[in-house]
Amino acid sequence: MNSVPDLKGCDRSGPAWSVLPRQFYCRDTVLVARELLGKILVRRSRGGTTAGRIVEVEAYLPHDDPACHATRGRTRSNRAMFGPPGCAYVYPIHSRYCLNAVTLETGVASAVLIRAVEPLHGIALMQRRRGCLAVRNLARGPARLCEAFAVDRRLDRWNLARGQRLWIVDDPATRLRPEEIGQSVRIGVTAAHDLPLRFFWRHCPFVSGPRGWTYAQESPT
DNA sequence: CTACCGATTGACT
DNA sequence: GTCAATCGGTAGA
């Protein structure tokens with residue numbers, strides 16, 4: 001269950017890629033967000049398998065973060081965020097979907113939004129699902145990503161640590177150095193637009209956002 | 001029930 | 001660069 005035999009063409013000779021365990025997500029949300037950069041998102045469905053490298057994420061915090069969907073309390077719609085870490089939180093917006101990974105601990109609502117991946121495997125399938133040929137645009141943006149990976153509400157609360165249907169694997173060959181990680185304010189949010197909780201792989205063409213942002217922001221701290 | 005709004009995208013000037 | 005389509009979630013009558 002831990003190997004990814006389907007990933008022809010992007011598998012590398014070296015240590016086997018392992019599914020990120022629940023423990024990975026049971027940590028500080030910003031830390032999880034930064035470490036998710038470079039990991040591989042995998043989706044296996046009846047139509048086939050797609051995989052892509054995570055290059056852009058945003059953190060949504062449990063406290064003092066008005067942009068977090070759970071900031072006004074628990075509802076039927078956002079209950080995934082209050083559930084166990086390591087599960088998916090799929091939220092509909094503008095008749096599309098966005099994929100999050102729940103973090104921290106059960107009962108505390110926090111998550112990492114996966115905003116963009118670099119398509120690695122199953123590109124033809126993504127092109128068909130998206131109705132788009134340009135590889136750069138297949139999964140650049142949270143809703144595009146979900147369409148390319150056939151992620152919808154049925155995967156809300158799905159356990160990403162199971163290694164089935166939808167999961168994330170470590171790629172030991174890819175470790176981002178701190179200077180390769182850019183940081184900026186989150187895109188599109190109206191509340192808390194001052195918090196720098198977006199993290200992305202600098203100089204990566206598969207990152208979303210207005211032109212220039214990719215290279216503009218330096219990471220403080 | 002209605003009214004408003006959004007963690008978006010793609011088309012267009 | 002600007003802008004509107006689109007629809008589920010949420011709040012409020």
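Keep in mind that the numbers below use all heavy atoms, side chains included, and drop hydrogens, waters and symmetry copies. Every chain is numbered from 1, with letters handed out A, B, ... down the list of sequences.
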Chemist: Could you walk me through whether A/Arg44 and A/Thr49 pass the side chain to side chain contact (heavy atoms under 4.5 Å, CB included) check?
Modeler: CA-CA 4 Å; A/Arg44 183 182 296 164; A/Thr49 298; 3.5 Å; yes
Chemist: Under 4.0 Å between a side-chain nitrogen and a carboxylate oxygen: does that hold for A/Arg186 and A/Asp65?
Modeler: yes
Chemist: With distance as the sole criterion, is a donor-acceptor pair present between the side chains of A/Thr174 and A/Arg53 under 3.5 Å?
Modeler: yes
Chemist: Would you mind reading off the distance between A/Met81 atom CE and C/dG9 atom C1', rounded to a whole angstrom?
Modeler: 13 Å
Chemist: Quick one: A/Arg136 CZ to B/dG10 P, roughly how many Å, whole number?
Modeler: 13 Å
Chemist: Is it true that A/Gln23 and A/Tyr25 share a donor-acceptor pair across their side chains at a distance under 3.5 Å?
Modeler: no
Chemist: If you draw the axis of the six-membered ring of A/Phe149, does the NZ or CZ of A/Arg130 fall within 45° of it and under 6.0 Å from the ring centre?
Modeler: no
Chemist: Establish, with yes or no, whether the OP1 or OP2 oxygen of B/dG10 is under 4.0 angstrom from a side-chain nitrogen or oxygen of A/Arg140.
Modeler: no
Chemist: Tell me, which of residues 64-76 of chain A have any heavy atom that sits under 4.0 Å from an atom in DNA chain C?
Modeler: A/Thr75
Chemist: Take N1-N3 plus N6-O4 or O6-N4 for Watson-Crick, N1-O2 plus O6-N3 for G-U, both under 3.5 Å. Which runs of 3 or more such pairs involve DNA chain C?
Modeler: B:1-6 with C:7-12, B:8-12 with C:1-5
Chemist: Under the criteria of a ring-centre distance below 5.5 Å and an interplanar angle below 30°, is A/Tyr91 stacked with the base of B/dA7?
Modeler: no
Chemist: Any non-hydrogen side-chain atom of A/Ser110 less than 4.5 Å from a side-chain atom of A/Met81?
Modeler: no
Chemist: What I want to check is whether the side chains of A/Ser45 and A/Arg129 have a donor and an acceptor closer together than 3.5 Å.
Modeler: yes
Chemist: Rounded to whole Å, please give me the gap between CD in A/Glu58 and C1' in B/dT8.
Modeler: 12 Å
Chemist: Could you tell me if the side chain of A/Val90 sits less than 4.5 Å from the side chain of A/Asn100, heavy atoms only?
Modeler: no
Chemist: Does NZ or CZ of A/Arg198 come closer than 6.0 Å to the centre of the six-membered ring of A/Phe200, within 45° of the ring's axis?
Modeler: yes
Chemist: Test A/Ser208 against every option in A/Arg115, A/Arg144, A/Arg140 by the side-chain hydrogen bond (donor to acceptor under 3.5 Å, both in side chains) rule and name the one that passes.
Modeler: A/Arg115
Chemist: Measure OH/A/Tyr89 against P/C/dG9 and give the value in whole Å, please.
Modeler: 10 Å
Chemist: For the pair made of CG in A/Leu138 and C1' in B/dT9, what is the distance, rounded to whole Å?
Modeler: 15 Å
Chemist: Over how many whole Å does the gap from A/Leu145 atom CG to B/dT8 atom P extend?
Modeler: 13 Å
Chemist: Is the shortest heavy-atom distance from the side chain of A/Leu41 to the side chain of A/Trp167 under 4.5 Å?
Modeler: no
Chemist: Starting at the 5' end of DNA chain B, which residue's closest nucleotide do you reach first, A/Leu99 or A/Glu147?
Modeler: A/Leu99
Chemist: What is the distance, rounded to the nearest whole Å, between atom CG of A/Asn137 and atom P of B/dT8?
Modeler: 16 Å
Chemist: Treat primed atoms plus P, OP1 and OP2 as sugar-phosphate and everything else as base, then score nucleotides 3-8 of chain C 5' to 3': B for base contact with protein heavy atoms under 4.0 Å, S for sugar-phosphate contact only, - for none.
Modeler: ---BSS
